[in-house]
Amino acid sequence: MTETTETTESAETVPATGPRPPRPRRPRRLRRVATPLLLSAGLCLSTLTLAGPAQAGQETGRAKGEATATVVDSTRHGGRTLALTFDDGPDPTDTPRLLKVLRKHHVKAVFCLWGDHVRQHPELVRAIVRGGHTLCNHTMSHDDMGTWSPEEVRADLEATNAEIHQAVPGVPVRYFRAPYGSWGRTPQVAAELGMQPLGWRLAVGDWEPPGTDELVRRVVEGVTPGAVVLMHDGGGDRDQTVAAVDRIVPLLRAEGWRFDRPARRA
């Protein structure tokens, strides 16, 4: 079966305005790192779930193909396709294992990177890029930016991109995903920086691991044509997620599904 490649969540459902992914428990050492970083940047701190965030912003009149301020939650090609996206990494234990599984099944994914973790594990960002996967900015310290000013948002997103480019110079960061789905003013700023805001249609709730079998069931029974699927490779123990992905891919392929990338504009 031909894959879409690129060089370069019976579960109860809730509306698209349902609960956001919870705040991950940030290790104390990360908080100590994050605080001075925020100050230096001039920032002031101002279960199968169908969780696609609402449209956040309008088209900005940019040229065709450029990022817009509309949150996308669909694949590029539609039909029986889905896009796998992974948040909160890179993680020194689970990201390498996930990359191995994706390589085994010839699947490309989007990795939404937490800047503090990028700084600690730049070699994992390089491994993600070597695997042919796409990069996404998930902020420096996974803070809720819902009330932040555009200037504060821009400083954080630029600092995150700087960390990513320190690890992988010249590699584009094509998407931005707001922590907790709290978009605020972030879509407009992300688009101005060339990043398409990336939402989701299906979040499987792997932040509270329900067991590998349940994660597999939630994806196989919950995926809809053209869905962007939200999972995690960092922010906690993601052993069940990695194991679930290893089973999900062949199950869905057997049912005629293809693995795609998210759309680059709404």
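Under the 4.0 Å criterion applied to side-chain N and carboxylate O atoms, D213 and R247 are assigned as salt-bridge partners. By the 4.0 Å N-to-carboxylate-O rule, K108 lies too far from D260 to be salt-bridged with it. A salt bridge links D73 with R201: the closest approach of a Lys/Arg side-chain nitrogen to an acidic carboxylate oxygen falls below 4.0 angstrom. Salt bridge present: R154 and E192 bring a charged side-chain N and a carboxylate O closer than 4.0 Å.
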> side-chain contact (heavy atoms from CB on, under 4.5 Å) between L252 and V219: does it pass, once the steps are laid out?
Replying inline: CA-CA 9 Å; L252 290 177; V219 174; 4.2 Å; yes
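Heavy atoms of other residues, nucleotides or ligands lying less than 6.0 angstrom from CD of Q166 number 12 at most.
Under a 3.5 Å cut-off, the side chain of N137 and the backbone N or O of T139 do form a donor-acceptor pair. With hydrogens and angles disregarded, a donor-acceptor distance shorter than 3.5 Å links the side chain of S149 to the backbone of E152. Side chain of H133 to backbone of F111: no donor-acceptor contact under 3.5 angstrom is found. One N or O on the side chain of R264 and one on the backbone of R174 form a donor-acceptor pair closer than 3.5 Å. Between the H121 side chain and the P92 main chain, no donor and acceptor come within less than 3.5 Å of each other. Under the 3.5 Å distance criterion, the side-chain polar atoms of Q196 are matched with a main-chain donor or acceptor of T70.
Here the closest non-hydrogen pair linking A69 and P187 is O-CB, 3.4 Å. Looking at every heavy atom in both residues, A178 comes nearest to T186 through CB-OG1, 4.1 Å. What you find for L124 and D91 is that their closest heavy atoms are CD1-O, 3.4 Å. Nearest heavy-atom pair, P262 versus V110, reported as atom, atom and distance to 0.1 Å: CD-CG2, 3.6 Å. The two residues D239 and D94 come nearest to each other via the heavy atoms N-OD1, 3.8 Å. Counting all heavy atoms, side chain and backbone alike, A167 lies closest to P122 at CB-CB, 3.7 Å.
The distance between the ring centers of H142 and W114 falls below 6.0 angstrom.
The CD1 atom of I248 lies 8.5 Å from the OG1 atom of T241; values are rounded to the nearest 0.5 Å. The line from CG of L84 to OG1 of T75 is 11.5 Å long, rounded to the nearest 0.5 Å. Going from atom CD1 of I128 over to atom CG of L135 covers 7.0 Å, rounded to the nearest 0.5 Å. D156 CG to M140 CE: the interatomic distance, rounded to the nearest 0.5 Å, is 7.0 Å. Taken from CG in D206 to CG in L230, the straight-line distance is 7.0 Å, to the nearest 0.5 Å. Q240 contributes atom CD, which lies 4.5 Å from atom OG1 of T212 (distance to the nearest 0.5 angstrom).
H117 and D88 are not linked by any side-chain donor-acceptor pair at a separation below 3.5 angstrom, with hydrogens and angles left out of the test. For the residue pair D246 / H105, a side-chain donor-acceptor distance below 3.5 Å is found, with atom types taken as modelled. Using a 3.5 Å distance cut-off with no hydrogens or angles, the side chains of H232 and D87 do not pair a donor with an acceptor.
Hydrophobic clustering, with ILVMFWY side chains joined whenever heavy atoms are under 4.5 angstrom apart, groups V216 together with F86.
Both the sub-6.0 Å distance and the 45° axial angle are not jointly satisfied by R261 relative to the ring of Y175.
Between R76 and T81 there is no side-chain heavy-atom pair separated by less than 4.5 Å.
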